[in-house]
Chemist: 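Mind looking over this structure? Questions follow.
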Amino acid sequence: MNIYMDYQATTPCDKRVVEEMLPYFTEKFGNPHSGHGMGLEANGAVDVARKKIADLIKANDLREIIFTSGATESNNLAIKGAVHYYKSDRKKVITSTIEHKCVLETCRSLQSEGYQVVFAPVLGNGIVDMDFLKKEIDDNTILVSIMSVNNEIGTIQPIKEISKLCREHGILFHTDAAQAVGKVEVDAGDVDLMSISGHKIYGPKGVGALYVRIKPRIRLTPLFSGGGQERGIRSGTLPVPLCVGLGKACEIAKNEMVQESRRLTEMKNYFIDKILSRLEKVYLNGDRERRIPGCLNFSFEGVEGESIMLGMPEVCVSSGSACTSASLEPSYVLKAISIREDLAHCSLRIGLGRFTTFDEVEYVSDKIIETVTRLRSMSPLW
Ligand SMILES: *Cc1c(COP(=O)(O)O)cnc(C)c1O
């Protein structure tokens, strides 16, 4: 038996998404860039998908949606692409200390090319320090890249406020919205560039999108040389079934977001209240209110996250983030919100999602309480 509560790592593909994709593997297999009937059929399907993505993020124009292989590529393309295109004028990039690894590493690679990168700190609640941002944003800044929702602690960043700051200074604004799209309202009108991932929103793995504003037109130096597809921004034959799947995932998310969010909020509140009332010395990491309902992150004093996971092998949760849990280093996100070093090793991320049932919430919360209590009773330090 497996109980899946790791929806920030990935999500299952919704069966309705798979259904929609299937014909594009077999009968409708045309190359969307071919001029004949089958090419046009495939291209039409890709544009329908583009429209569904645009509708979910409130983009005005289909051409603003560029398909990629996922949010990792979208983030690389947005940040490197913009910086390399606009480098003659300015030299500085601002991001935050709690971005996804792919943004942090992209920025580090720019540093080694000689650009100045500023990593803005976050406050104890996991929200970016706006006073710091205000001080750092200047006429030498090319781009600000701040994620919409954090993947470890679920906190929602003040995107509208940051957008206003950037606009006042004529600075490009990119947001990694992989954890936000389909879960909270996002508005492409607030940003110049926005990254999306298929497999975080019940779509297929291996596809994502980058929103690239057209009015005013944002230019990017492409990562790949090739046939000039996707307005010359991203060459390569489009994976039509994956594009169709991402579109369908966005359509479902748009239709069901309000209801789903209400259901998840109920489960989240029940989960938090139960854990905090039944165990002592447990801390919820990240702001309690300004977070997406599907992401919980607790520190259980005196017990390592890894040990809790080993104690309930049928429950799929994460200690630290999936990318770093192979190492013994505590999560850099938890370090960034300045929780005690020992507590950073004692954390568990629990992700609730579309297919989580109330019974599973009951089972997993009981299991955690039982496991933590047992481990603490065996610990000489406790
Ligand atoms: C998962 C994730 C990514 C990477 O997305 P892929 O589509 O797997 O490349 C980037 N940023 C955030 C916030 C994520 O959660």
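Counting convention: from 1, in listed order, for ligands and their atoms alike.
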Chemist: Where does E73 meet ligand 1, judged by heavy-atom distances below 4.0 Å: at the side chain, the backbone, both, or neither?
Modeler: neither

Chemist: For A71 and ligand 1, does the shortest N/O to N/O distance drop below 3.5 Å?
Modeler: yes

Chemist: For A178, which part has a heavy atom under 4.0 Å from ligand 1: side chain, backbone, both, or neither?
Modeler: side chain

Chemist: Show which atoms of ligand 1 fall inside a sub-4.0 Å distance from at least one heavy-atom site of H199.
Modeler: 6 (P), 7 (O), 8 (O)

Chemist: In terms of relative ring orientation, are Y4 and Y7 parallel, tilted or perpendicular, with 30° and 60° separating the classes?
Modeler: perpendicular

Chemist: Which residue and atom name correspond to the protein heavy atom nearest atom 14 (C) of ligand 1, and how close is it?
Modeler: K200 NZ, 2.9 Å

Chemist: Less than 4.0 angstrom from a charged side-chain N to a carboxylate O is my criterion; do D6 and R349 meet it?
Modeler: yes

Chemist: Given that the side chain starts at C-beta and the backbone is N, CA, C, O, which of these parts of T72 lies under 4.0 Å from ligand 1, counting heavy atoms, or is it both or neither?
Modeler: both

Chemist: Taking non-hydrogen atoms only, is K205 closer than 4.0 angstrom to ligand 1 via side chain, backbone, both or neither?
Modeler: neither

Chemist: Just by distance, do the side chain of Q157 and the backbone of V128 share a donor-acceptor pair under 3.5 Å?
Modeler: yes

Chemist: Run the numbers on K58 and E185 for salt bridge (Lys or Arg N to Asp or Glu O under 4.0 Å), then give the verdict.
Modeler: CA-CA 9 Å; K58 306 190 182 83; E185 291 284 335; 2.5 Å; yes

Chemist: So among R262, R263, R16, which one has a salt bridge (Lys or Arg N to Asp or Glu O under 4.0 Å) with E256?
Modeler: R16

Chemist: Looking at Y202, I'd like to know if the NZ or CZ of R354 sits under 6.0 Å from its six-membered ring centre while staying within 45 degrees of the ring's axis.
Modeler: yes

